[in-house]
Structures are given as structure tokens and as C-alpha cells.
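What follows is a short report on a single structure.
One is the number of the first residue; the rest follow in order along the sequence.
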Amino acid sequence: MAVKFDKEDLFALREDHPRWQNLSKYADRIEIRPDEEIQKSYQRFLGIVYAGNASCTLSENFNGAITKNIVRYLSAGYYLLAKQKAKEKTELFYANPNQSAFKAWSTLDTKFMLPLYEKTLTSIAYN
């Protein structure tokens, strides 16, 4: 599969291109965050995804809804600290997804994970 890249896309053009010059009359261009900060935020987010996937995969080895939930939430804390192990489990998980994949992907929307988002992800203000 090949990727088709539009060379006339605004972001493919140099900043001194007439389209950019015309746009600058109507809008201010600002740097949202330094690249290093964006990369750090992205890595924190990936760590949360890895921990969620790894803990859901581990919890599928247990029987009973209560036991699975206990294992899932306790192991998520472990995997938030053991980032490399979480990443390895996640890569295996992606290579061979099963029913636990749907649980892992929906875990990010649970009430238990929302407070974690507020502490780890950078908020973005908009108009």
C-alpha cells in the first residue's frame, strides 16, 4: 500500500508561500506546545493505553466478574509503573486480539479511568 501525499496541502507548503501569507492576514499562528512537551504527553498517554491493555489481558485469565475487575484495576496500577512489561503485553495483545480487546478499549471510558486522565493528560483550552 502506498500513501498519497498532496503537495498542495497548506501544511506541505513553505511559510513564505502566498497561501500562508494570505492566511496570516486573518489569523495568528501560535506554537501550542514545544515538541518535547507534546512528545512527553503522548508517551504518558501511551503508558495509560499500554497499562489498560495489559491489565485487561491479564484479567481474562481469571474467572468471575468480581475477580476479573479486581485483577484488572490492581494490575493497571502495576503496569503503570512497569511500563516496558505493559508495552510488551500490549504488543502481543495487538498481534492476537480476542474478546478482551473490546473490554480494553472500553476501559478508557469508565468512571475509574476518568480521574486518571485529568492528572496525566494536558488540557487544551479552545474558543
Side-chain angles (χ1 to χ4, degrees):
M1 176 184 358
V3 176
K4 185 176 179 183
F5 180 70
D6 183 3
K7 294 178 183 175
E8 292 301 313
D9 184 86
L10 182 64
F11 293 102
L13 302 174
R14 294 171 46 118
E15 289 184 30
D16 60 354
H17 190 277
R19 285 177 59 196
W20 274 113
Q21 297 301 318
N22 190 36
L23 182 62
S24 67
K25 294 177 191 172
Y26 304 101
D28 292 330
R29 186 171 175 190
I30 60 170
E31 183 79 25
I32 295 175
R33 300 265 186 212
D35 288 345
E36 302 84 38
E37 193 172 331
I38 292 171
Q39 185 66 23
K40 273 174 121 176
S41 182
Y42 179 67
Q43 291 303 320
R44 280 193 308 260
F45 175 74
L46 281 181
I48 293 168
V49 172
Y50 294 156
N53 283 331
S55 65
C56 283
T57 302
L58 179 64
S59 71
E60 288 303 308
N61 296 328
F62 294 86
N63 294 322
I66 293 172
T67 305
K68 284 184 180 194
N69 282 332
I70 290 170
V71 169
R72 185 176 302 135
Y73 292 111
L74 290 178
S75 65
Y78 166 74
Y79 284 121
L80 282 170
L81 298 173
K83 295 176 193 229
Q84 188 59 37
K85 283 189 178 226
K87 183 178 180 183
E88 290 167 4
K89 273 203 167 286
T90 298
E91 288 171 352
L92 288 172
F93 177 78
Y94 287 160
N96 188 18
N98 55 28
Q99 279 299 94
S100 65
F102 299 107
K103 290 178 183 164
W105 295 322
S106 65
T107 299
L108 295 174
D109 297 328
T110 64
K111 65 181 177 182
F112 300 107
M113 295 301 285
L114 292 176
L116 190 58
Y117 293 155
E118 294 171 2
K119 297 197 183 317
T120 57
L121 297 178
T122 305
S123 63
I124 299 173
Y126 55 91
N127 297 343

On a heavy-atom basis, the closest approach of K68 and N63 is CE-CA, 4.4 Å
Rounding to 0.5 Å, atoms OG1 (T67) and CG (N61) come to a distance of 12.5 Å
Here the pair of heavy atoms bringing G52 nearest to S55 is O-OG, 3.1 Å
Taking every heavy atom of A12 against every heavy atom of K7, the minimum-distance pair comes out as CB-O, 3.8 Å
*Got a sec: does the CD of Q21 have more than 12 other heavy atoms crowding it under 6.0 Å?*
yes
Mind listing the side-chain donor-acceptor pairs of residues 74-83 below 3.5 Å, one per line with the distance, residues two or more places apart or on another chain?
unit_1 : atom_1 : unit_2 : atom_2 : d
S75    : OG     : V71    : O      : 2.6
S75    : OG     : R72    : O      : 3.2

task = Examine distances only and state if a side-chain atom of T90 and a backbone atom of A86 form a donor-acceptor pair shorter than 3.5 Å.
result = yes
Between the CD1 atom in I38 and the CD atom in Q43, the distance rounded to the nearest 0.5 Å is 13.0 Å
Contacts of F11 meeting ring-ring contact (aromatic ring centres under 6.0 Å, His included) (sequence neighbours excluded), chain-then-number -> W20
- Query: Is any side-chain heavy atom of T57 closer than 4.5 Å to a side-chain heavy atom of L92?
  - Reply: no
**Over 12 foreign heavy atoms within 6.0 Å of CD1, I66** = no
Rounded to the nearest 0.5 Å, the OH atom of Y50 sits from the CZ atom of F93 at a distance of 13.0 Å
d(L23 CG, H17 NE2) to nearest 0.5 Å is 12.5 Å
